[in-house]
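The structure appears right after this line, and notes come after that.
Below, read A as the first sequence line, B as the second, and so on, with proteins coming before strands; counting in each chain starts at 1.
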Amino acid sequence: MRIDCPNCGSRDRREFQYLGAAVLMDRPAPDAGEQAFVEYVYFRENPAGAHRELWLHEMGCRSWIVAERNMGTHEFASTRLAADVKRGAK
Amino acid sequence: MRYSAWEVFRNGLTGNKAWKPVWRDPEPKQRYDVVIVGGGGHGLATAYYLARVHGIRNVAVLERGYIGGGNSGRNTTIIRANYMSTANVKFYSHCIKLWENLEQELNYNVMFSQRGLVALGHSDGQMEAMARRANFCQLEGDGGEVWSLEECRRQMPYLNYDDPRFPIYGAHWHPNGGTARHDAVVWGYARGADRLGVDIIQNCAVQGFRIEAGKVVGVETSRGFIGTTKVGMAVAGRSGEVAAMAGFRLPIESHVLQAFVTEGLKPVLPTVIGFGMGHFYISQSDKGGLVFGGDLDGYNSYAQRGNLPMMEHVAEAGMALMPMIGKSKLLRSWGGINDMTMDGSPIIDRSPVENFFINTGWCYGGFKAITGGGDAFAHLIATGNYHPAADKFTLKRFETGELIDETGAGPRPGRH
Ligand SMILES: Cc1cc2nc3c(=O)[nH]c(=O)nc-3n(C[C@H](O)[C@H](O)[C@H](O)COP(=O)(O)OP(=O)(O)OC[C@H]3O[C@@H](n4cnc5c(N)ncnc54)[C@H](O)[C@@H]3O)c2cc1C
Ligand SMILES: [Zn+2]
């Protein structure tokens, strides 16, 4: 498995750390209520197809990356810097 | 036919012509009292106990491929009951006691072998934790001791005792742990359930649920609609997908775990050995192959195959611990999709849909739980109450904070 880092290009998967679904970027507002936090921390779509997820290019530029990857084939459709995703429209 | 030494002898003399297929291959009926989705160990054991313990025999097990084609036929078959959180201690102790009587219960040789399990310790602190773990086992009557370094050297002369990174200080010995033949467990429960009238329907994928007023009334399948009063879901790595068909989400991610087996060798490994610090565990199958595995690949996946970095890591850990395996040839490797919960413990509970029950979240430790998991799930489906040995595996715990986080890893499913 190779991952296309927007900064460093195509790199070996071993340079990256996986965190989880990209919904982790959408932390609810502090007053959003308990249920919103339960959903945020524990519950997942866990789709059998396209999945948006967070990888850290730990042994490279140390940027967080939002990747879209197919859970059935492991094929990456896109990779973007998490910082860009956060700034732009989600 | 009841299996016995006499039948083997008699059939041997008559050309082995009288053996019959072990389960029927029925067409699905229009309706059942209970439909179990997923023909793995948990689904089949659940159907068996529904029929045997609760007298509910109008049951179908729907399997989209062939039974045992999922994780139940892909695991490294380790059985143990050396847990430490209250909920897991009582549940896995219940499981192992059912294992001890399983072959008599099913009249089927599942090759259950309590060859014992060694968990290695590499520091003073870890040895104290091992002693604590052994005490937990003893309290449940499941056998637990601490082995000194000398005892380890005597029992396992082939380990590398000079590893500077993880020097071996001793071990926790769990004599009641061991292995069983995974396929045989699946087939044994299938045969047992079939003989009690359960329909095992293979090549039947569940594609949706008919839900009326919040209550499930039937199942849409690749072989047509099947009406039912209750549904029991036991689809392991596919739990997220099947739950989505019923309109709810789970605190679960699907992750791939790989396993490996070498060519058959003469007996060299009498026990199961766990090398936790190296993320490596190994045993020898009765056929002679060394069966071993490591950690999850680490990313969500529905592909039943992993990547090379984890294979490399597992091979390195194996060589660090047990250099003698270096000359054996790897025969096969494969992957299975695990239902990883956010706290590493399973869920046996109702769901947001009425009459729709879920058995899931086995992570990569649910083979040993097939006995007790099936028993507890059948109990819940039949009576509506939690089985006393499995009353903490609720879905609600993720809201109430009563998590069963055996490893203390936090809400990170890939870490459990
Ligand atoms: C590599 C590996 C090693 C492991 N090692 C161990 C170990 O040493 N010890 C241990 O205790 N556990 C181990 N496990 C875990 C253990 O294998 C599982 O927890 C256990 O087998 C789960 O059983 P199950 O019946 O829930 O799931 P499965 O056996 O996976 O059965 C689920 C079934 O549901 C079917 N299904 C899915 N979707 C549908 C649908 N829509 N319609 C109909 N059917 C469907 C699947 O085809 C499958 O057959 C390991 C797992 C893996 C992958
Ligand atoms: Zn980079």
Side-chain angles (χ1 to χ4, degrees), chain A residues 1-5 10-28 32-60 64-79 82, chain B residues 64 205 235-245 247-256 295-313 335 337-344 347 352 360-361 395-401 403 405 410-415:
Chain A
M1 189 188 276
R2 292 182 72 81
I3 302 177
D4 214 356
C5 171
S10 167
R11 314 291 296 212
D12 189 301
R13 172 257 181 276
R14 273 171 284 203
E15 295 182 7
F16 298 80
Q17 277 290 334
Y18 180 76
L19 182 64
V23 291
L24 286 167
M25 289 168 70
D26 307 325
R27 182 193 290 270
E34 216 167 80
Q35 200 53 38
F37 276 93
V38 169
E39 296 283 324
Y40 169 72
V41 175
Y42 295 116
F43 284 76
R44 293 290 177 269
E45 291 303 331
N46 195 23
H51 187 233
R52 280 180 76 243
E53 59 197 25
L54 284 164
W55 293 82
L56 174 66
H57 194 189
E58 193 185 27
M59 292 199 237
W64 280 102
I65 294 163
V66 177
E68 193 181 306
R69 188 175 55 95
N70 187 302
M71 299 245 292
T73 62
H74 295 167
E75 192 184 355
F76 285 86
S78 69
T79 45
Chain B
R64 71 174 197 167
V235 295
R238 293 275 166 183
S239 294
E241 198 185 29
V242 175
M245 294 175 195
F248 60 91
R249 300 200 299 173
L250 293 167
I252 286 181
E253 287 183 2
S254 295
H255 281 256
V256 58
D295 250 344
L296 297 173
D297 267 39
Y299 43 83
N300 295 45
S301 173
Y302 278 91
Q304 286 173 318
R305 63 189 151 76
N307 269 289
L308 291 172
M310 185 47 70
M311 192 187 266
E312 183 180 34
H313 175 87
I337 302 306
N338 298 291
D339 31 339
M340 304 301 300
T341 49
M342 289 285 178
D343 65 355
I347 300 168
T360 181
L395 188 53
K396 197 95 187 144
R397 71 177 188 267
F398 297 93
E399 280 172 44
T400 59
L403 301 177
D405 191 347
R412 290 286 305 277
R415 290 255 169 100

Side chain to side chain contact (heavy atoms under 4.5 Å, CB included) between H74(A) and Y299(B), intermediate numbers included: CA-CA 10 Å; H74(A) 295 167; Y299(B) 43 83; 3.8 Å; yes
From CA spacing to verdict: side chain to side chain contact (heavy atoms under 4.5 Å, CB included), M1(A), L308(B): CA-CA 8 Å; M1(A) 189 188 276; L308(B) 291 172; over 6 Å; no
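Looking at I252(B), the atoms closer than 4.5 Å to chain A (heavy atoms on both sides) sit in the backbone and in the side chain alike. Contact of D339(B) with chain A is not made at all, since no heavy-atom distance falls under 4.5 Å. For R238(B), the part lying near chain A is the side chain, with the backbone staying farther off; criterion is any non-hydrogen pair under 4.5 Å. Residue contact with chain A, scored on non-hydrogen atoms closer than 4.5 Å, involves the backbone and the side chain of N300(B) alike.
When D343(B), N307(B), T341(B), I337(B) are compared by the number of non-hydrogen pairs under 4.5 Å with chain A, N307(B) comes out ahead. Put simply, of R69(A), Q35(A), H51(A), the one with the most heavy-atom pairs under 4.5 Å next to chain B is R69(A). For the options R412(B), R415(B), E241(B), heavy-atom pairs under 4.5 Å to chain A are most numerous at R412(B). In terms of non-hydrogen atom pairs under 4.5 Å with chain A, the most contact-rich of S301(B), P411(B), G237(B), A243(B) is S301(B).
Interface residues of residues 40-47 of chain A toward chain B, defined by a heavy-atom distance below 4.5 Å and sorted by number: V41(A), Y42(A), F43(A), R44(A), E45(A), N46(A), P47(A).
Nearest heavy atoms, V38(A) versus E399(B): CG1-CG, 3.6 Å. In plain terms, the two heavy atoms of A303(B) and G72(A) that are nearest each other are CB-O, 3.2 Å. Nearest approach of E253(B) to A21(A), heavy atoms of both residues: OE2-N, 4.1 Å. Pairing each heavy atom of R305(B) with each of T73(A), the nearest pair is NH2-O, 3.7 Å.
For the pair R14(A)/P309(B), a side-chain contact is recorded, criterion being any heavy-atom separation below 4.5 Å from C-beta on.
Note that CG of D297(B) and CZ of R13(A) are 6.5 Å apart. Values are rounded to the nearest 0.5 Å.
More than 12 heavy-atom neighbours from other residues, nucleotides or ligands sit within 6.0 angstrom of CD on E58(A).
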